[in-house]
Amino acid sequence: MFSIIAIKEWHMVSRNYTMAITLLSALVLSGIAAAGSRLLYRQEEQQREAANRQFRQQWEQLRADDPHSAAHFGTYIFKPLTPLSRFDNGLDPFTGNAMRIEAHVQHNMATPPLQPADLYLRFGALTPATVLQLFFPLFLFFLCFNSYTQEKNSGTLRLQLVQGATLRSIIHGKALLYLSVMAVMLSLSMLLYFPMMASGSAWPHILLLVVSYGCYAGIFVLLGLWLSTVARHAGQSLLLLCGIWLCWHILLPRLAAATGEALYPLPSQPAVQEKIDRAIKSGIDGNDPRDARTARLEQATLQQYKVSSIDQLPINFDAVRLQADEDYAQRVYEKYAAMTDSLIRLQNSVQHNLALADPYLAIRSISMALCGTDYEHQYHFNQAATQYRNMFIRRLNNAMAYGGQQGHQLYGQMPVFQYQPPATAQVLRKQWLPALSLLLWLMITISLLNRSARHAPIQ
């Protein structure tokens with residue numbers, strides 16, 4: 001009976017071209033987003049490869065008086081691109097993708113300019129994920145909003161009941177059709193991007209993305225059908241669905257961001273840098289000035305080599321002091337980076353918890369995590385880049401202090417920066433609450449529709 005009702009529903013929606021227009025609109029929008037994202041990925045990949053080659057060649061051919069002068073010249077490292085990072089670019093436009101490596105200073109990631117600002121601030125760039133998260137719910141609502149009210153008001157619902165169909169079979173048949181249409185729309189939209197972009201290691205993430213977006217889209221199909229069964233007429237149903245879309249996609253995300261910022265405000269970058277400079281000069285606790293630290297280091301070095309003056313040391317004490325200053329500065333940077341990270345995580349926790357009330361916040365969190373563009377991936381990359389920067393500077397200072405390879409031989413032996421993203425299990429471990437939200441809303445909408453299948457008005 002479900003299949004008969006679904007076929008009948010298919011013939012009905014085919015007559016008024018609603019299905020065709022909705023499918024075409026979804027595919028055109030997805031096609032534009034997929035083509036733009038693929039083009040942007042190719043361009044950025046070529047630019048980063050060219051920049052990596054240029055800076056590496058510049059570094060290996062560097063002419064500097066000594067290794068520490070070379071450390072002052074420094075170089076740049078870049079965050080690797082992945083094909084999935086352009087399916088959902090997440091925080092990438094805001095967190096930056098390049099870092100300068102230089103002695104004495106720990107630079108933040110360099111952020112590219114955002115243009116046009118309005119587009120980014122309101123909806124983000126037009127990526128396949130943006131289309132699925134923001135526009136697919138609207139398309140699904142336009143498909144479903146009058147599926148029941150139209151039959152109720154035109155009298156065809158009563159005719160079906162008289163002919164032996166049950167209310168349950170009618171509503172479940174409609175759900176079967178619209179869920180099938182949703183699956184086709186989702187599959188075609190993803191096929192426009194993934195087959196030509198995904199590598200073998202990305203397929204587990206792609207499979208999880210398909211399942212997550214399937215649950216997300218299913219919520220809107222079932223919600224649209226349920227409101228169609230309880231609304232008095234099609235206009236009321238459409239108005240309620242548009243209100244839900246506005247609440248979930250505009251109001252709650254903005255409320256979550258504003259609440260997180262109000263509860264856990266971040267200090268300004270100049271204020272943090274001023275505290276870091278003061279801590280390096282006067283000590284982390286304010287009672288260990290640089291001169292006292294240098295005097296202790298000098299005394300310990302003289303005792304280690306059993307000499308009475310710096311001139312008698314078999315090593316370059318200035319380079320040892322420079323590395324000791326680097327190590328101390330690293331402790332200071334780690335302290336303030338941990339404080340900033342804890343505030344950002346508290347801000348993110350507000351959105352994370354609010355995802356229980358908003359499927360859009362839930363799918364956005366899961367999608368960014370699976371595409372490697374969320375805060376956790378950025379934090380993981382920052383840690384790896386900082387470790388590489390510290391190794392880079394230490395290697396140069398040690399070469400100056402203790403001898404060994406110098407000049408082009410030393411610079412050519414410097415390891416190339418390699419980054420390995422976190423494992424899938426580590427990524428998923430922090431997404432249990434958004435995943436629970438999607439399952440919860442899916443169960444709620446199924447329950448509501450089942451209830452309507454027993455008690456929906458027939459006139």
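None of these values were measured; they are calculated from a predicted model. Note that these values count all heavy atoms, side chains included, but never hydrogens, waters or copies made by symmetry.
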Heavy atoms of Val105 and Tyr333 approach each other most closely as CA-OH, 4.4 Å
Whether Ser349 side chain and Leu346 backbone form a donor-acceptor pair below 3.5 Å = yes
Using a 4.5 Å cut-off on heavy atoms from C-beta on, say whether the side chain of Pro267 contacts that of Leu343.
-> yes
Taking only residues two or more places apart in sequence or in another chain, which ones pass ring-ring contact (aromatic ring centres under 6.0 Å, His included) with His233?
-> none
Examine distances only and state if a side-chain atom of Ser437 and a backbone atom of Ala355 form a donor-acceptor pair shorter than 3.5 Å.
-> yes
Taking the side chain as every heavy atom from C-beta outward, state whether Glu326 and Arg394 have any pair of such atoms under 4.5 Å apart.
-> no
Parallel, tilted or perpendicular: which fits the ring planes of Phe392 and Tyr388, with parallel below 30° and perpendicular above 60°?
-> tilted
Going through the checks in order, is the side chain to side chain contact (heavy atoms under 4.5 Å, CB included) test met by Leu29 and Ser25?
-> CA-CA 6 Å; Leu29 203 54; Ser25 302; over 6 Å; no
Non-neighbouring partners of Ser365 that pass side chain to side chain donor-acceptor pair (under 3.5 Å), sequence neighbours left out | Gln431
Are any side-chain N or O atoms of Ser282 and backbone N or O atoms of Ala279, one a donor and one an acceptor, separated by less than 3.5 Å?
-> no
With the threshold set at 4.0 Å, does a side-chain nitrogen-carboxylate oxygen contact exist between Arg345 and Asp341?
-> yes
Just wondering, do Tyr264 and Ser342 contact through their side chains at under 4.5 Å, heavy atoms?
-> no
Taking atom CD of Glu334 and atom CD of Gln383, what is their separation to the nearest 0.5 Å?
-> 8.0 Å
What residues form a salt bridge (Lys or Arg N to Asp or Glu O under 4.0 Å) with Asp277, not counting sequence neighbours?
-> none
Looking at residues at least two apart in the chain, or sitting in another chain, which of them share a side chain to side chain donor-acceptor pair (under 3.5 Å) with Ser147?
-> none
So, Thr130 versus Thr127: side-chain donor-acceptor pair below 3.5 Å or not?
-> yes
Inter-residue atom distance Asp358.CG - Ile244.CD1, 0.5 Å rounding = 11.5 Å
Just wondering, do Arg454 and Leu167 contact through their side chains at under 4.5 Å, heavy atoms?
-> no
What heavy-atom pair brings Asn89 and Thr373 nearest, and what distance separates the two atoms?
-> O-CB, 3.5 Å
In short, Tyr328 meets Gly283 closest at the heavy-atom pair OH-CA, 3.2 Å
I'd like a table of donor-acceptor pairs (distance under 3.5 Å, sequence neighbours excluded) in which one partner is a side-chain atom from residues 205-226, with atom names and distances.
{"from": "His205", "atom 1": "ND1", "to": "Leu370", "atom 2": "O", "distance (Å)": "2.8"}
{"from": "His205", "atom 1": "NE2", "to": "Thr424", "atom 2": "OG1", "distance (Å)": "2.7"}
{"from": "Ser212", "atom 1": "OG", "to": "Leu208", "atom 2": "O", "distance (Å)": "2.8"}
{"from": "Tyr213", "atom 1": "OH", "to": "Gln133", "atom 2": "NE2", "distance (Å)": "2.9"}
{"from": "Tyr213", "atom 1": "OH", "to": "Ser367", "atom 2": "OG", "distance (Å)": "2.8"}
{"from": "Tyr216", "atom 1": "OH", "to": "Gln133", "atom 2": "O", "distance (Å)": "2.6"}
{"from": "Tyr216", "atom 1": "OH", "to": "His249", "atom 2": "NE2", "distance (Å)": "2.9"}
{"from": "Trp226", "atom 1": "NE1", "to": "Ser452", "atom 2": "OG", "distance (Å)": "3.3"}

Would you name the heavy atoms of His380 and Pro421 that are closest together and state the gap between them?
-> CE1-C, 4.1 Å
Donor-acceptor under 3.5 Å (His352 side chain, Lys430 main chain) = yes
Mind checking the OG-CD spacing from Ser228 to Gln150? Nearest 0.5 Å is all I need.
-> 9.0 Å
Find out whether Gln426 and Glu376 are in side-chain contact, i.e. whether some heavy atom of one side chain is under 4.5 Å from a heavy atom of the other.
-> no
Excluding sequence neighbours, so at least two apart, what forms salt bridge (Lys or Arg N to Asp or Glu O under 4.0 Å) with Lys335?
-> none
What pairs with Tyr379 under ring-ring contact (aromatic ring centres under 6.0 Å, His included), at least two apart in sequence or on another chain?
-> none
Should we say atom CE of Met391 is surrounded by more than 12 heavy atoms from elsewhere, each under 6.0 Å from it?
-> yes
What distance separates Asn97 CG from Tyr76 OH, expressed to the nearest 0.5 Å?
-> 12.5 Å
Ala357 backbone acceptor or donor facing Trp248 side chain under 3.5 Å = yes
Could you pull out every donor-acceptor pair under 3.5 Å between side chains of residues 49-60 and any protein atom, sequence neighbours left out?
{"from": "Asn52", "atom 1": "ND2", "to": "Arg48", "atom 2": "O", "distance (Å)": "3.2"}
{"from": "Arg56", "atom 1": "NE", "to": "Glu60", "atom 2": "OE2", "distance (Å)": "2.9"}
{"from": "Arg56", "atom 1": "NH1", "to": "Met414", "atom 2": "O", "distance (Å)": "3.1"}
{"from": "Arg56", "atom 1": "NH2", "to": "Glu60", "atom 2": "OE2", "distance (Å)": "3.4"}
{"from": "Arg56", "atom 1": "NH2", "to": "Gly412", "atom 2": "O", "distance (Å)": "3.4"}
{"from": "Arg56", "atom 1": "NH2", "to": "Met414", "atom 2": "O", "distance (Å)": "2.5"}
{"from": "Trp59", "atom 1": "NE1", "to": "Tyr411", "atom 2": "O", "distance (Å)": "3.1"}

Partners passing side chain to side chain donor-acceptor pair (under 3.5 Å) against Asn353 (at least two apart in sequence or in another chain) = none
Listed by chain and number, what are the salt bridge (Lys or Arg N to Asp or Glu O under 4.0 Å) partners of Arg278, not counting sequence neighbours?
-> Glu274
Less than 4.5 Å apart, any side-chain heavy atom of Leu361 and any of Pro434?
-> no
Side-chain heavy-atom pair Phe142, Leu238 within 4.5 angstrom cut-off | yes
Which heavy atom of Leu241 sits nearest a heavy atom of Phe141, and at what distance?
-> O-CE1, 3.4 Å
Supply the atom-to-atom distance Met368 CE to Leu84 CG, rounded to the nearest 0.5 angstrom.
-> 14.5 Å
Of all heavy-atom pairs between Lys152 and Ala231, which one has the smallest distance, and what is that distance?
-> NZ-O, 3.0 Å
Could you walk me through whether Tyr360 and Leu134 pass side chain to side chain contact (heavy atoms under 4.5 Å, CB included), step by step?
-> CA-CA 8 Å; Tyr360 169 66; Leu134 283 175; 4.1 Å; yes
Tell me, please, which residues at least two apart from Glu151 pass salt bridge (Lys or Arg N to Asp or Glu O under 4.0 Å).
-> Lys8, Lys174
From CA spacing to verdict: side chain to side chain contact (heavy atoms under 4.5 Å, CB included), Met185, Phe136 = CA-CA 9 Å; Met185 286 173 60; Phe136 255 54; 3.8 Å; yes
Determine, step by step, whether Leu252 and Leu354 satisfy the side chain to side chain contact (heavy atoms under 4.5 Å, CB included) criterion, reporting the C-alpha distance in whole Å, the side-chain angles of both residues, the deciding distance to 0.1 Å, and the verdict.
-> CA-CA 8 Å; Leu252 278 179; Leu354 205 56; 4.1 Å; yes
Separation of Leu266 CG from Met339 CE (nearest 0.5 Å) | 11.0 Å
Val427 and His377, any side-chain heavy atoms less than 4.5 Å apart | yes
Does any N or O in the side chain of Ser37 come within less than 3.5 Å of the main-chain N or O of Ala33, such that one atom is a donor and the other an acceptor?
-> yes
Residues two or more places apart in sequence or in another chain: which of them pass side chain to side chain donor-acceptor pair (under 3.5 Å) with Asn390?
-> Gln330
Basic-acidic side-chain contact under 4.0 Å: Asp92, Arg86 | yes
For the residue pair Phe87 and Tyr193, does the interplanar ring angle fall in the parallel (under 30°), tilted (30 to 60°) or perpendicular (over 60°) class?
-> tilted
